[in-house]
Number of protein chains: 2
Amino acid sequence: MEFKEAKNKFVQTWGALGSQWGINKTMAQIHALLMVSNEAVSMEEVMEELQISRGNASMNLRALMDWGIVYKEYKAGERREFFTAEKDLDELAVKIARERSKREIKPALKILKEVSSIQSNNTAEETQFIEQTTKLYDFVLKADNVLDKITEYKDNWLTKLVVKFMK
Amino acid sequence: MEFKEAKNKFVQTWGALGSQWGINKTMAQIHALLMVSNEAVSMEEVMEELQISRGNASMNLRALMDWGIVYKEYKAGERREFFTAEKDLDELAVKIARERSKREIKPALKILKEVSSIQSNNTAEETQFIEQTTKLYDFVLKADNVLDKITEYKDNWLTKLVVKFMK
DNA sequence: ACAAACTTTCATTTATTTTTGAAAGTTTAA
DNA sequence: TTAAACTTTCAAAAATAAATGAAAGTTTGT
């Protein structure tokens, strides 16, 4: 396999993975492309490499910056903007984890708390509902807290987790 | 908030979450419905509660069984099949983690290994590509191993993780 | 062996999500 | 202040994913 083919395969694969994880395909592809580029990439180049429209490139680059995993760069004497991806994987994973916690887990917790707090009429049905949603609330809360703690380490959290856990 | 409203809210919320996580909305809703039911539910009831067609119910129940988080149950003297969800959350999370590892992480690792193994012509571009995809491979492999180890505990793995990690 | 009771399949339809591209907006340099 | 160079927005179009429902398939009791 030669370079171009490998690069393309990587971008495609990362894109497909993204869509299984609630991130859209193009967004994941752009991220993949930037991550393996040795220097900052212009919007024009992104459009060219991925064969996408200007609007699409603009919106997804913006979204990636909102996630905090792609940065704008300005080059001296250049009017255009260039983009780079977060390349440190510990940092990348931490940012993704935090963002998903904020966007998905926290709101879900709020709802779980609400629905598990109804007062029961003591039918078997309602008792089961309250019991299960309460358990879910506790579980998700605990998981979210663990995530928080783990990502506090930032550098090498994965390695530290391995060390802590394997012994 | 009264019971029916709470139940509906829970099912809707779980469904929306599902679609952000690569599981389709109906599949997640059915799972939510079964999880808070005190007894096994027939396909007819699922259709009725969620207002979905027979085909849809059948396909998604099947998919949930493929994931190993919904079970068929037979009642004496009843021709129909009934369904229950895995209610133990440790067990549920373990099954989901294992399934996603098998379906998504393992295939991604295979590709990462492939693309990171091209031989370089020593351009800066290719060097960067190989370096970054190699790092990714190592990272994802390590993460997958940690997941494996954690889910081996099965019972109370989350609690055990908290204990190990907080001290 | 038949038929009633039930489940699965899959071609078609429907709904949702993503993409496009042209117009509007912004920034910079002269 | 003007215009060139660039980016963003968003309504409409295209692509993708999910749902429907009728027909085919299966199982069970008589």
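Lettering follows sequence order; numbering is per chain, from 1. Below, each value reflects all heavy atoms present in this structure, side chains not excepted, and no hydrogens, waters or symmetry copies.
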Worksheet entry | Within 45° cone and under 6.0 Å: B:Lys75 NZ/CZ vs B:Phe82 ring | yes

Worksheet item: Taking side chain as C-beta onward, heavy atoms only, is B:Tyr71 less than 4.5 Å from B:Phe83?
Response: no

Item to complete: Find the distance A:Arg62:CZ to C:dT26:C1' and express it as a whole number of Å.
Response: 13 Å

Worksheet item: What are the bounds, 5' to 3', of the part of DNA chain D that sits under 4.0 Å from heavy atoms of chain B?
Response: D:dA18 to D:dT28

Worksheet item: B:Asn56 has an atom CG; how far is it from atom C1' of C:dA15, in whole Å?
Response: 12 Å

Discussion item. Rounding to an integer number of Å, can you tell me how far A:Arg54 CZ sits from C:dT26 C1'?
Written reply: 14 Å

Worksheet, complete the sentence: Sorted by position of nearest nucleotide on DNA chain D, 5' first, the leading residue of B:Gln51 and A:Ser58 is A:Ser58

Worksheet item: So what does A:Arg79 touch, heavy atoms closer than 4.0 Å: a base, only the sugar-phosphate, or nothing?
Response: base

Worksheet entry | Ring center gap for B:Phe3 and A:Phe129 short of 6.0 angstrom | yes

Practice prompt. Check the distance between C:dG21's P and A:Met43's CE and give it to me in whole angstrom.
Written response: 14 Å

Response to the item:
The bend of the helix from C:dA1-D:dT30 to C:dA30-D:dT1, taken between the axes of its five terminal pairs at each end and rounded to 10°, is 20°

Worksheet entry | Carboxylate-amine/guanidinium contact A:Glu131 A:Lys135, below 4.0 Å | yes

Worksheet item: Are A:Lys72 and A:Tyr74 side-chain neighbours, meaning at least one heavy-atom pair lies under 4.5 Å?
Response: yes

Discussion item. Using whole Å, what does the distance between atom C1' of nucleotide C:dT12 and atom CE of B:Met59 come to?
Written reply: 13 Å

Discussion item. Measuring only between side-chain heavy atoms, which start at C-beta, is A:Leu158 closer than 4.5 Å to B:Phe139?
Written reply: yes

Worksheet item: Between atom CZ in A:Arg80 and atom P in C:dT28, what is the gap in whole Å?
Response: 16 Å

Discussion item. One thing to verify: whether A:Glu44 and A:Arg80 come together as a salt bridge, which I'm taking to mean a side-chain N less than 4.0 angstrom from a carboxylate O.
Written reply: no

Practice prompt. Could you tell me whether A:Glu99 and A:Lys95 have a side-chain N and a carboxylate O separated by less than 4.0 Å?
Written response: no

Discussion item. Output the rounded distance in Å from CG (A:Asn60) to C1' (C:dT20).
Written reply: 12 Å

Kindly list each side-chain donor-acceptor pair under 3.5 angstrom involving residues 142-150 of chain A, sequence neighbours excluded, with atom names and distances?
{"unit_1": "A:Lys142", "atom_1": "NZ", "unit_2": "B:Thr159", "atom_2": "OG1", "d": "2.8"}
{"unit_1": "A:Asp144", "atom_1": "OD1", "unit_2": "A:Ser101", "atom_2": "OG", "d": "2.8"}
{"unit_1": "A:Asp144", "atom_1": "OD2", "unit_2": "A:Lys106", "atom_2": "NZ", "d": "2.9"}
{"unit_1": "A:Asn145", "atom_1": "ND2", "unit_2": "A:Leu141", "atom_2": "O", "d": "3.4"}

